[in-house]
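Keep in mind that this is a model prediction, so the values were computed, not measured. Chain identifiers are assigned alphabetically (A, B, ...) following the order of the sequence lines, protein sequences preceding nucleic acid strands; residue numbering begins at 1 within each chain. Side-chain atoms are counted along with the backbone in the values below, which use heavy atoms only and exclude waters and symmetry mates.
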Amino acid sequence: MSDKNSTPTPATDFIRNIISQDLDSGKHQHIVTRFPPEPNGQLHIGHAKSICLNFGVANDFDGKCFMRFDDTNPVKEDNEYVEGILRDVRWLGFDWGENLTHASDYFEQLYLFAEELIQKGKAYVESQNADEIRELRGTLTEPGKNSPFRERSVVDNLTLFRKMRDGEFDDGTHVLRAKIDMASPNINLRDPVLYRIRKISHQRTADQWCIYPLYDFTHGLSDALEGVTHSLCTLEFEDHRPLYEWILAEVSAPCLPRQIEFSRLNLRYTVLSKRRLIQLVEERHVDGWDDPRMLTLSGLRRRGYPPSAIRLFCKRIGISKSENNIEMSVLEDSAREELDKTAPRAMAVLRPLKVVITNYPEDKTEEFEPSRHPKNPDMGTRKVPFSREIYIDHDDFRIDPPAKYFRLAPGKEVRLRFAYVIRCEEVIYDSDGKVRELHCTYDQATRSGTKAEGRKVKGIIHWVSIQHSVPVEVRLYDRLFVNPSPGSDDPGGNFLNDLNPDSIETVTSCRVEPGLLKAKPADVYQFERVGYFCVDSKESRPEALVFNRTVTLRDTWAKLEQENSGQN
RNA sequence: UGGGGCGUAGCCAAGUGGUAAGGCAUCGGGUUUUGAUCCCGUGAUACGCAGGUUCGAUCCCUGCCGCCCCAGCCA
């Protein structure tokens with residue numbers, strides 16, 4: 001049998017498999033996940049992978065997903081990021097409903113769990129400083145040594161811990177540690193720090209607390225308090241799982257979530273680490289978090305990527321535990337697939353070359369009415385004026401055309417899309433020898449849509465009527481880095497050396513068909529034969545439109561020509 | 001030379017003790033007033049290596065190799 005009509009393979013991955021089993025076995029009736037960003041930066045395409053997984057799993061299994069801010073470190077976090085993160089998750093297409101929480105919502109309960117640990121003799125107040133603690137921690141190959149404060153009495157620990165909370169000690173003087181095993185081969189189990197003193201105002205709890213719990217203590221308990229069934233995180237937390245489970249087991253946790261790790265996203269020709277992203281922004285290598293070259297969600301949005309394209313991308317890359325290095329083409333093709341279906345078509349000339357149609361009446365104007373989308377008549381039509389003087393793209397004319405060049409050249413014919421077939425009769429040069437304009441003749445019998453369309457012409461090019469066209473600015477974006485793995489060739493690992501000097505090209509002399517005058521910020525069009533472009537949402541103005549190139553169209557001719565020239 | 005992971009075609013990624021889904025990329029071809037889209041076809045040694053168990057292993061066992069992560073009072 002042909003598989004032409006078979007249903008596509010359903011999205012599956014090892015995590016969904018585990019969840020299915022947990023549901024089938026009756027271990028869980030409902031599944032609960034969570035997306036837990038720290039509000040210390042903006043979300044990027046790597047977060048999108050996690051968002052699509054966590055919210056996607058909740059959707060697939062009719063469960064729920066908490067949107068939870070992991071705000072346990074007031075030193076690094078800032079409320080300014082919260083709004084942006086929520087906006088980005090919503091934009092991506094996910095809804096947390098009532099389930100918006102913060103780790104800081106649980107500070108009181110977390111504190112009580114800590115006292116419980118102390119009561120059980122499973123935690124103690126450490127009075128060495130950070131350096132001293134590190135000294136006794138041991139190394140990867142040598143076990144650590146017990147702290148001199150490890151055997152403090154429960155009463156002393158409790159008293160000290162309460163004084164810590166009450167602000168009686170300075171930052172760094174004491175810390176609460178779990179009492180596990182200083183000789184564990186897993187360093188995370190060598191009496192990890194649970195609480196530290198930070199006399200700094202928290203963005204949500206203000207000055208209510210001066211001790212703050214660390215990630216390991218906070219995360220699992222927050223999961224448990226929310227009834228999370230599957231806590232999905234990235235691979236670097238794999239070593240933390242024993243600690244995650246230890247904490248839940250030693251305390252009266254309401255339930256025991258299961259942590260499952262998957263590999264984080266790596267994309268070629270870009271960087272995704274928060275540290276590097278912040279550096280790009282702060283050192284002004286890009287124009288902010290939403291620079292269209294940034295693979296932040298705000299950057300992708302401004303670039304013209306529809307959320308559906310990002311979801312498609314996440315579906316295509318899959319979920320697994322292996323290191324990966326995804327090619328840009330996967331992202332770009334996801335955008336093309338979505339945009340091809342939804343973007344209205346328009347004609348735009350990026351690098352104008354004047355063409356005078358010498359046998360066309362000087363004062364005549366006619367209007368063509370092509371559809372906005374070749375396959376979706378519901379999108380309607382638009383009016384495109386035509387007259388004696390038009391612009392075509394410089395790239396669509398060659399004085400000396402290579403083999404298989406279907407476009408315009410001296411003595412050659414080409415079809416003006418939706419209009420007539422023209423023939424290039426004469427090339428007019430500037431004094432410096434550059435092509436200034438073309439004199440062509442048109443054949444009235446080839447008018448688009450008429451019965452006798454006449455001869456077959458292989459080449460079709462786009463154009464705009466000079467007097468009717470509107471000038472716009474277009475920004476052509478390319479990858480931000482020239483190295484598939486930025487910084488990998490530099491002994492010092494400096495990724496900035498790999499910045500692509502041509503990652504943005506601003507073209508100011510573009511002309512587009514008049515219908516684009518009503519384009520609104522963030523609208524995306526396909527400029528026929530060129531690519532997808534969206535109205536810049538920050539710098540475009542009704543009287544001075546600015547378009548960002550989201551992604552080019554596939555261009556087999558450019559590829560062919562490049563290969564041919566490479567052979568010579 | 002401690003611990004934890006990973007290793008299926010160029011890049012991702014399913015899957016099974018019985019001879020390997022799918023996507024992206026590639027290369028052909030067809031349709032086309034976008035060299036786009038769409039459609040069809042395409043990888044005769046792709047299951048890290050070496051042994052072993054088995055009638056038969058990518059999937060089981062043993063050993064080896066390679067890569068990633070961990071020594072924050074970051075997450």
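Nucleotide rG7(B) forms a Watson-Crick or G-U wobble pair with rC65(B), both donor-acceptor distances falling under 3.5 Å. Partner assigned to rG2(B) is rC70(B), using Watson-Crick or G-U wobble distances below 3.5 angstrom.
The side chain of Arg134(A) contributes an N or O atom lying less than 4.0 Å from OP1 or OP2 of rG72(B). Between Arg372(A) and rU34(B) there is no side-chain N or O to OP1 or OP2 distance below 4.0 Å. Taking 4.0 angstrom as the limit, Asn17(A) places none of its side-chain polar atoms (N or O) nearer than this to OP1 or OP2 of rA14(B). Side-chain N/O atoms of Arg137(A) include one lying less than 4.0 angstrom from OP1 or OP2 on rC73(B). In this structure, Arg196(A) reaches the rA75(B) phosphate: one of its side-chain N or O atoms is under 4.0 Å from OP1 or OP2. Within the 4.0 Å cut-off from OP1 or OP2 of rA13(B), at least one side-chain nitrogen or oxygen of Ser322(A) is found. OP1 or OP2 of rU33(B) has not a single side-chain nitrogen or oxygen of Arg529(A) nearer than 4.0 Å.
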Could you list all N or O pairs between the protein and nucleotides 65-70 of chain B that sit under 3.5 Å apart?
from, atom 1, to, atom 2, distance (Å)
rC68(B), O2', Glu323(A), OE2, 3.2

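Distance check on atom C1': rU1(B) versus rC65(B) gives 15 Å, rounded to whole Å. Across rC74(B) and rG15(B), the matching P atoms stand 39 Å from one another, rounded to whole Å. Rounded to a whole angstrom, the distance from the P atom of rA36(B) to that of rU31(B) is 13 Å.
Base orientation at rG48(B) is anti, since its O4'-C1' glycosidic dihedral falls outside 90° of 0.
Both geometric conditions, a ring-centre gap below 5.5 Å and a plane tilt below 30°, are not fulfilled together for Tyr215(A) over the base of rA75(B).
When the options Asp393(A), Asp395(A), Asp396(A) are evaluated for a side chain to side chain donor-acceptor pair (under 3.5 Å) with Arg529(A), the one that passes is Asp396(A). Remark: of the listed residues Arg311(A), Arg316(A), Lys315(A), Arg316(A) is the sole one forming a salt bridge (charged side-chain N to carboxylate O under 4.0 Å, His left out) with Glu337(A).
A donor atom on one side chain and an acceptor atom on the other are found under 3.5 Å apart for His240(A) and Asp216(A). Residues His219(A) and Arg34(A) bring a donor and an acceptor atom of their side chains to less than 3.5 Å of each other. Between the side chains of Ser147(A) and Glu126(A), at least one donor N or O sits under 3.5 Å from an acceptor N or O. For the residue pair Asp489(A) / Asn483(A), a side-chain donor-acceptor distance below 3.5 Å is found, with atom types taken as modelled. Counted by atom type alone, His174(A) and Ser127(A) present one or more donor-acceptor pairs between their side chains at under 3.5 Å. For the residue pair Arg264(A) / Thr234(A), no side-chain donor-acceptor distance below 3.5 Å is found, with atom types taken as modelled.
Among the nucleotides rU34(B), rA14(B), rC11(B), the one closest to any side-chain atom of Arg268(A) is rC11(B). Residue Thr139(A) has its side chain nearest to rA71(B) when only rU33(B), rA71(B), rC12(B) are considered.
Stacking of Arg423(A) on the aromatic ring of Tyr442(A) is not recorded, the 6.0 Å distance cut-off and the 45° axial limit not both being met.
Within 4.0 Å of Ser320(A), counting heavy atoms only, lie sugar-phosphate atoms of the nucleic acid but no base atom. Residue-level contact check: Asn376(A) touches neither bases nor backbone, having no heavy atom under 4.0 Å from any strand. Nucleic acid contact for Arg241(A): none, since no nucleic acid atom lies under 4.0 Å from a heavy atom of the residue. Counting any heavy atom pair closer than 4.0 Å across all strands shown, Gln128(A) reaches a base atom.
Contacts with RNA chain B (heavy atom under 4.0 Å) in residues 326-341 of chain A: Ile326(A), Glu327(A), Ser329(A), Val330(A), Asp333(A), Asp340(A), listed by number.
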With B for base contact, S for sugar-phosphate-only contact and - for none (protein heavy atoms under 4.0 Å), nucleotides 26-32 of chain B reads SS-----
